[in-house]
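For reference, the structure is listed below as structure tokens.
For ligands, and for the atoms within them, numbers begin at 1 and follow the listed sequence.
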Amino acid sequence: MQDIERKDKTYVWHPFTQMQDWVENKQLVIAAGDGIKLIDIDGKAYYDGVSSLWLNVHGHRKAAIDQAIIDQLGKIAHTTMLGLANIPAAELAEQLVKIAPPGLTRVFYSDSGSTAVEIAVKMAYQYWQLKGQTQKKKFITLTNAYHGDTVGSVSVGGIDLFHRIFAPLLFETVHAPSPSCFHCTLGDSPAACGFACVVAVEKLLADHHGEIAAMVVEPLVQGAAGMLVQPPGYLRRVRELTQRYGVLLIVDEVATGFGRTGRMFACEHEGVSPDLMTMAKGITGGYLPLAATLTTDEIYNAFLGPVEAQKTFFHGHSYTGNPLACAAALANLRIFRDEQVIENLGPKIEAARRKLAAFWQLAAVADIRQCGLMIGIELMQDKATKQPYPPAWRMGHRVCMKTREYGLIIRPLGDVVVFMPPLASTVEEIEEMLDIIYRAIAEVTNC
Ligand SMILES: *Cc1c(COP(=O)(O)O)cnc(C)c1O
């Protein structure tokens, strides 16, 4: 074991990691990056097949982002937004409003997806308090939702494995069924499932709207739940219904934003403008921690008044609007424009779709879900009866360890093999990465 791996195992506690297992096994230490590859301390290169946990957009060491950060460093690294403004944060806010769905006109910064959601939840709650509708305190959430790990964002989440133990710490929410065709028990086709899930939302709104502040959804794909793709039209219907019943809609674009689904934001596929929208992960191209919660004039204006009226939104983090992160985000958006990143995604998404079609031949592949370059391949012991593998076999994990032998780093969600390559990956690179995944699944599952 090299000295640096020993230090890691002696001193570091890793996120979402059983440390007993971590310490017992050989671990990779990344020393550098180059385009869409990661390079370990032995000099071995691997494809970054999950974009460093869904963040990276244009590859690592992208010259234009590196330079933007260096230029900003020559001015200032950080200054507070409490009582002061800064140049990159103001420039970026204008740009974000320009690319966001129409009607989102104000930007509140923070530093992670979890805090962006936390802020959206608190804004929605305070909005109704300020409007005098003080009974509107609850949130409608989706089963299997993931919105982050702070206590407020866990409260609006719905992944039992992550959230069960914290239940006594959380506020109560009203649950709507997860509109995910493969796992949905409400209908056996996307249309039937979508219809049943919309009917369920309508019933909740009809029965409870007087006490509901907002509904929170991941648009198009419930990512952490295992890349569960929603039926087309679901998000648009939810927007119509929330509007009809006077309930705010919070759309969490933390995973789907910045081109992941083939458009800049997933909302665009459905022509939806939410009341609050969160962004994080891809906002800096995967370089630095930054997040934003966008909202409308209607909500922003409700918080206005003389200081002594105490309508202020009392929330803020030390690193809010960090100039280095905002400079990286501005460079990220420039690259989207200069390199026509969204316009060039079509052939990449199609190449992945073509390659994935062959995966159905593998006996262990029970479902393949794709939305743009968000891809989940679900493994099961018996796909005819939807019989999962025993969790102790850790099939998803074993497949992902196998792909490392062939030069690809990916990370599963249970037995869903996740593939989320950087948007900068070429068609050939996407095909090669999928060949590696195919081979790994075939070998590990013996089919
Ligand atoms: C990752 C994620 C979050 C949490 O973001 P962090 O930056 O990890 O706190 C929130 N919502 C969604 C949809 C996510 O995928």
Side-chain angles (χ1 to χ4, degrees), residues 14-17 50-57 108-124 139 141-159 161-163 166 170 173 178-180 214-230 234-235 238 249-261 265-267 269 272 274 276-294 315 317 319-320 322 325 328-329 332 369 371-376 411-414 416 418-420:
H14 284 258
F16 277 98
T17 301
V50 283
S51 299
S52 294
L53 243 296
W54 316 2
L55 306 176
N56 193 275
V57 181
F108 194 101
Y109 288 114
S110 61
D111 27 53
S112 74
S114 305
T115 54
V117 170
E118 200 85 27
I119 287 160
V121 163
K122 287 175 73 178
M123 274 182 183
F139 292 81
T141 60
L142 296 184
T143 313
N144 295 321
Y146 179 78
H147 297 291
D149 297 328
T150 57
V151 172
S153 57
V154 170
S155 293
V156 294
I159 298 187
L161 171 68
F162 303 164
H163 301 158
F166 299 113
L170 309 178
T173 64
S178 168
S180 59
M215 176 164 175
V216 192
V217 295
E218 290 162 86
L220 267 58
V221 188
Q222 289 189 297
M227 301 297 153
L228 303 180
V229 177
Q230 294 163 6
Y234 176 80
L235 185 67
V238 163
L249 178 64
I250 301 174
V251 169
D252 180 357
E253 290 258 13
V254 168
T256 48
F258 301 95
R260 263 297 143 201
T261 66
F265 296 105
C267 280
H269 293 273
V272 160
L276 294 129
M277 186 166 118
T278 58
M279 317 173 169
K281 294 199 168 104
I283 191 172
T284 58
Y287 262 64
L288 287 166
L290 181 71
T293 306
L294 272 69
H315 188 112
H317 301 281
Y319 282 99
T320 289
N322 174 259
N332 174 38
R369 298 184 283 271
C371 181
L373 288 179
M374 296 180 85
I375 292 158
R411 184 174 165 91
L413 293 158
V416 178
V418 173
F419 180 50
M420 291 248 291

Output the list of atoms in ligand 1 that are nearer than 4.0 Å to some heavy atom of [X], sorted by atom number.
X: S112; answer: 7 (O), 9 (O)
X: A255; answer: 15 (O)
X: G148; answer: 4 (C), 10 (C)
X: H147; answer: 10 (C), 11 (N)

request  = Side-chain contact test, heavy atoms from C-beta onward, threshold under 4.5 Å: evaluate it for R260 versus L373 and give yes or no.
outcome  =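 Counting from C-beta outward, R260 and L373 do come under 4.5 Å.
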message = Contact between M374 and L220 at the side-chain level, heavy atoms closer than 4.5 Å - yes or no?
response =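 M374 does not reach L220 side chain to side chain.
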request  = Identify, with sequence neighbours excluded, every residue that meets side chain to side chain donor-acceptor pair (under 3.5 Å) alongside H163.
outcome  =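 With sequence neighbours excluded, H163 shows a side chain to side chain donor-acceptor pair (under 3.5 Å) to no residue whatsoever.
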Side-chain donor-acceptor pair present, [X], [Y], cut-off under 3.5 Å:
X: D252; Y: H147; result: yes
X: E118; Y: T115; result: no
X: S178; Y: Q222; result: yes

key: Residue portion contacting ligand 1 (non-hydrogen atoms closer than 4.0 Å) for W54   =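 Side chain only; the backbone of W54 stays clear of ligand 1.
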ask   = Out of V251, T256, L249, which one pairs with C267 under the side-chain contact (heavy atoms from CB on, under 4.5 Å) rule?
value =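 Only one option passes, and that is V251.
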Please state which protein non-hydrogen atom is closest to [atom] and give its distance, to 0.1 Å?
atom: atom 1 (C) of ligand 1; value: K281 NZ, 1.5 Å
atom: atom 11 (N) of ligand 1; value: D252 OD2, 2.6 Å
atom: atom 9 (O) of ligand 1; value: S114 OG, 2.6 Å

message = Tell me the nearest of P289, G113, A280, P15 to atom 6 (P) of ligand 1, using heavy-atom distances.
response =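 The residue whose heavy atom sits nearest atom 6 (P) of ligand 1 is G113.
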